[in-house]
Amino acid sequence: VLSGEIEYQVDDITYVLRAGDGMFCNSNALHSGHMRNEQDCTYLSVTFHPRFLYGYENSILHTKYIENIVTNEALPSLALTTSVSWQSEILDALQEIHKIHLAPDTDYELRLHMLLMQIWHKLYLYFSTQPNNEKKPTQYLDRLRDIISFIENHYTQEISLEDVAKAANICKSECCR
């Protein structure tokens, strides 16, 4: 977050991020950001496919360092703050990525790759020290994923509330919650 505040929800966790803070949001997590106190904020969003880090399927980078994080639903997100040194280093690297994006040199892809690898290394070291008690997503999140998937697959058709509820195997009133 460059300025202001943002309320950021990842699965069923809500964070309040302020200027200087950041967020790692795993690719398997439902997430959204919202204005806080009706005030605008400015933030950077760095999104990339994990393959940019590991190269090809089943490489050692993929199987040892990437896959166990991006497929673990117990690791949906991590708030980053400047008060924790390794997290501050990640936030600095994200700022550097932004600078490269604004004025790319001929080697910008290589520089981006190296910075993302440095960030991932720090995340890997942190997540590898966390207990490996992979949780099952809550029933609510499963339903929400079913609803989103149905809408994505049928958005070109006329969809009724009844259709959406049926796809998630819930009643219409539950679908509206």
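Predicted model, so just to flag it, every value in this text is computed and none were measured.
If you take NE2 on His49 and OG on Ser27, they are separated by 8.0 Å, rounding to the nearest 0.5 Å. Put simply, CG on Asn153 and CD1 on Ile148 are 12.0 Å apart, with the number rounded to the nearest 0.5 Å. Taking CZ of Phe48 as the reference point, atom CG of Leu112 lies at 10.5 Å (rounded to 0.5 Å). Rounded to the nearest 0.5 Å, atoms CE (Met23) and CG (Leu17) are 4.5 Å apart. Atoms CD and CG, on Glu67 and Asn72 in that order, are 11.0 Å from each other to the nearest 0.5 Å. A distance of 11.0 Å separates OG1 of Thr71 from CD1 of Ile66, quoted to the nearest 0.5 Å.
Across all their heavy atoms, Pro76 and Ala29 have their closest contact at O-CB, 3.8 Å. In terms of heavy atoms, Val46 sits closest to Leu94 at CG2-CD2, 3.8 Å. When all heavy atoms are compared, the tightest approach of Ser3 to Cys41 is O-CB, 3.1 Å. Taking every heavy atom of both residues into account, Val70 and Pro50 meet most closely at CG1-CG, 4.1 Å. Residues Leu80 and Gln87 come closest through the heavy atom pair CA-OE1, 3.4 Å.
Tyr43 and Ile13 fall within a single hydrophobic cluster, where Ile, Leu, Val, Met, Phe, Trp and Tyr side chains are chained together by heavy-atom contacts under 4.5 Å. A single hydrophobic cluster is seen to contain both Leu125 and Trp86, as judged by linkage of ILVMFWY side chains at heavy-atom distances under 4.5 Å, directly or through other members. Hydrophobic cluster membership differs between Ile119 and Met114, with clusters built from Ile, Leu, Val, Met, Phe, Trp and Tyr side chains linked at under 4.5 angstrom. Two different hydrophobic clusters hold Met35 and Val1 under the rule that ILVMFWY side chains link at heavy-atom gaps under 4.5 Å.
None of Leu78, Val10, Asp21 except one satisfies the side-chain contact (heavy atoms from CB on, under 4.5 Å) rule with Tyr15; the exception is Val10. Each of Leu123, Asp11, Ile69 was evaluated against Asn26; a single residue qualifies, Ile69, per the side-chain contact (heavy atoms from CB on, under 4.5 Å) test.
In terms of the ring-ring contact (aromatic ring centres under 6.0 Å, His included) criterion, residue partners of Tyr65 (sequence neighbours excluded) are, by chain and number, Tyr124. With sequence neighbours excluded, no residue forms a side-chain hydrogen bond (donor to acceptor under 3.5 Å, both in side chains) with Thr156. With sequence neighbours left out, Thr63 forms a side-chain hydrogen bond (donor to acceptor under 3.5 Å, both in side chains) with no residue at all. Every residue two or more places apart in sequence or in another chain that forms a side chain to side chain contact (heavy atoms under 4.5 Å, CB included) with Arg36 is listed here: Glu5, Glu7, Val16, Arg18.
A donor-acceptor contact shorter than 3.5 Å is absent between the side chain of Thr81 and the backbone of Val84.
Among residues at least two apart or in separate chains, side chain to side chain donor-acceptor pair (under 3.5 Å) pairs with a member in residues 105-118 are Glu96-Arg111, Asp105-Arg111.
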From CA spacing to verdict: side-chain contact (heavy atoms from CB on, under 4.5 Å), His62, Glu57: CA-CA 6 Å; His62 178 226; Glu57 290 291 318; 3.3 Å; yes
Worked verdict on Leu53 versus Met117 for side-chain contact (heavy atoms from CB on, under 4.5 Å): CA-CA 7 Å; Leu53 299 178; Met117 288 299 281; 3.5 Å; yes
Stepwise ring-ring contact (aromatic ring centres under 6.0 Å, His included) check, Phe127 with Phe24: CA-CA 12 Å; Phe127 286 131; Phe24 165 76; 5.6 Å; yes
Verdict with reasoning, Ile100 to Leu115, per side-chain contact (heavy atoms from CB on, under 4.5 Å): CA-CA 10 Å; Ile100 292 169; Leu115 286 165; 3.5 Å; yes
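When hydrophobic side chains of Ile, Leu, Val, Met, Phe, Trp and Tyr are connected at separations under 4.5 Å, Leu44 ends up clustered with Leu2.
Side-chain atoms of Ile97 and Leu116, non-hydrogen and from C-beta on, do get closer than 4.5 Å to each other.
Side-chain N/O atoms of Ser149 and Asp146 include no donor and acceptor closer than 3.5 Å. Side-chain atoms of Tyr8 and Thr14 form no donor-acceptor pair, as typed in the model, at a separation below 3.5 Å.
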